[in-house]
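Presented below is the structure to which this report refers.
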Amino acid sequence: MYGIINSSFKKYIVEVYGDEQGTEISDSSGVKSEVFNEYRSHDDENTLALLKAAVEVTGETPDHHLRQFGRFWVRRVATNDFRGLIDSYGGDFVSLIQNLDSMHKEISGTFLDYSPPSFAIKELTESRYSVTYQSYRQGFTPFVLGILEELGDFYGRVTTIESVETTLSDKGEKSVICVEIPKKNLEI
Ligand code: HEM
């Protein structure tokens with residue numbers, strides 16, 4: 001996975017658990033410092049080693065970390081360092097998800113040889129949508145759930161994950177995620 005994902009994962013750990021545990025996790029993962037080189041691609045094994053070390057040091061599950069990291073990625077990285085990109089591809093939750101493949105494609109000039117996932121969104125009712133996520137990787141659906149929840153907050157809509165159906169194949173992983181996004185939040 002690209003270095004920016006690894007370095008952001010370390011920033012997530014430091015934000016939640018502090019500097020000392022951040023260092024303990026990178027040290028015990030055995031990954032080299034170059035793995036945090038943001039604009040280079042690295043073997044996914046490094047990302048998985050960081051995740052495994054985070055699980056061992058904190059006692060939380062891999063799914064917990066991936067979901068919280070998804071939220072961190074949107075809050076601290078995507079809507080902060082890449083705000084222009086987010087704004088130009090999505091004025092709201094639905095349009096951003098609709099345009100995500102084009103957005104990931106546009107940045108393939110910066111992130112050479114990377115393997116981003118693919119997304120589609122379908123309206124089921126006025127407030128329910130089904131989001132289809134397809135990746136060459138396995139195990140990253142909880143990361144997507146965290147991203148979707150935090151994007152809901154970013155766009156001012158409480159987004160609830162209602163159900164997730166994941167299918168594994170030798171090509172990777174596909175998840176159909178049903179989300180509830182009220183058209184308008186209740187005014188208090
Ligand atoms: C706007 C800022 C964004 C940037 C710069 C960005 C960039 C990247 C990069 C560099 C990777 C690593 C892929 C690799 O190394 O092969 C990645 C992976 C990923 N991205 Fe994006 N992305 C952004 C926004 C989003 C959003 C809004 C979503 C979802 C709703 C998303 C979903 C994912 C997922 C799930 C992965 C994990 C890899 C996988 O599932 O196979 N990204 N992205």
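Bear in mind that the values here come from a model prediction, so they are computed numbers and not experimental data. Atoms within a ligand are numbered from 1 in the order they appear, just like the ligands themselves.
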Looking at atom 40 (O) of ligand 1, what's its closest protein heavy atom, distance included?
-> Y133 OH, 2.5 Å

Go through D153 and R71 one step at a time and tell me if the salt bridge (charged side-chain N to carboxylate O under 4.0 Å, His left out) criterion holds.
-> CA-CA 10 Å; D153 282 8; R71 298 201 71 140; 3.0 Å; yes

Please check if any side-chain donor atom of E149 sits under 3.5 Å from a side-chain acceptor atom of T159, or the reverse.
-> no

closest protein heavy atom to atom 35 (C) of ligand 1 is V144 CG2, 3.5 Å

Within-shell test, E173 vs ligand 1, heavy atom, strictly < 4.0 Å = no

Do R137 and ligand 1 have an N or O pair less than 3.5 Å apart?
-> yes

Which protein heavy atom lies closest to atom 17 (C) of ligand 1, and at what distance to 0.1 Å?
-> I5 CD1, 3.9 Å

Below 3.5 angstrom, do we get any N/O pair linking H104 and ligand 1?
-> yes

Among G70, P116, P117, S135, which one has a heavy atom closest to atom 19 (C) of ligand 1?
-> P117

S28 versus E56, side-chain donor and acceptor atoms under 3.5 Å = no

What part of I86, side chain from CB on, backbone N/CA/C/O, both or neither, has a heavy atom under 4.0 Å from ligand 1?
-> side chain

shortest atom 3 (C) of ligand 1-to-protein heavy-atom contact is with M103 CE, 3.7 Å

What protein heavy atom is closest to atom 2 (C) of ligand 1, reported as residue, atom name and distance in Å?
-> F82 CB, 3.7 Å

re atom 15 (O) of ligand 1, the protein heavy-atom contact at minimum distance is Y2 N, 2.6 Å

Could you verify whether a donor N or O on one side chain and an acceptor N or O on the other, from E173 and Y136, lie under 3.5 Å apart?
-> no

Give a yes-or-no answer on whether the side chains of T58 and H65 include a donor-acceptor pair shorter than 3.5 Å.
-> yes

Proximity to ligand 1 by part of L100, non-hydrogen separation under 4.0 Å = side chain

Checking heavy atoms under 4.0 Å, the part of Y136 that sits near ligand 1 is neither

Indicate whether the side chain of S118 and that of Q134 have a donor and an acceptor atom separated by less than 3.5 Å.
-> no

Numbering as shown, the atoms of ligand 1 that approach I107 to under 4.0 Å (heavy-atom distance) | 4 (C), 5 (C), 6 (C), 7 (C)

Using distance alone, with no hydrogens and no angle criterion, decide if D113 and S41 have a side-chain donor and acceptor under 3.5 Å apart.
-> no

How far apart are the C-alpha atoms of Y2 and Y39, what are their side-chain angles, what is the distance that settles it, and do they pass the ring-ring contact (aromatic ring centres under 6.0 Å, His included) test?
-> CA-CA 7 Å; Y2 249 77; Y39 290 92; 7.2 Å; no

W73 near ligand 1 by a heavy-atom separation under 4.0 Å = yes

Side-chain donor-acceptor pair present, D92, S95, cut-off under 3.5 Å = yes

E45 CD: over 12 foreign heavy atoms closer than 6.0 Å = no

For atom 13 (C) of ligand 1, which protein heavy atom lies nearest, and how many Å away is it?
-> Y114 CD1, 3.5 Å

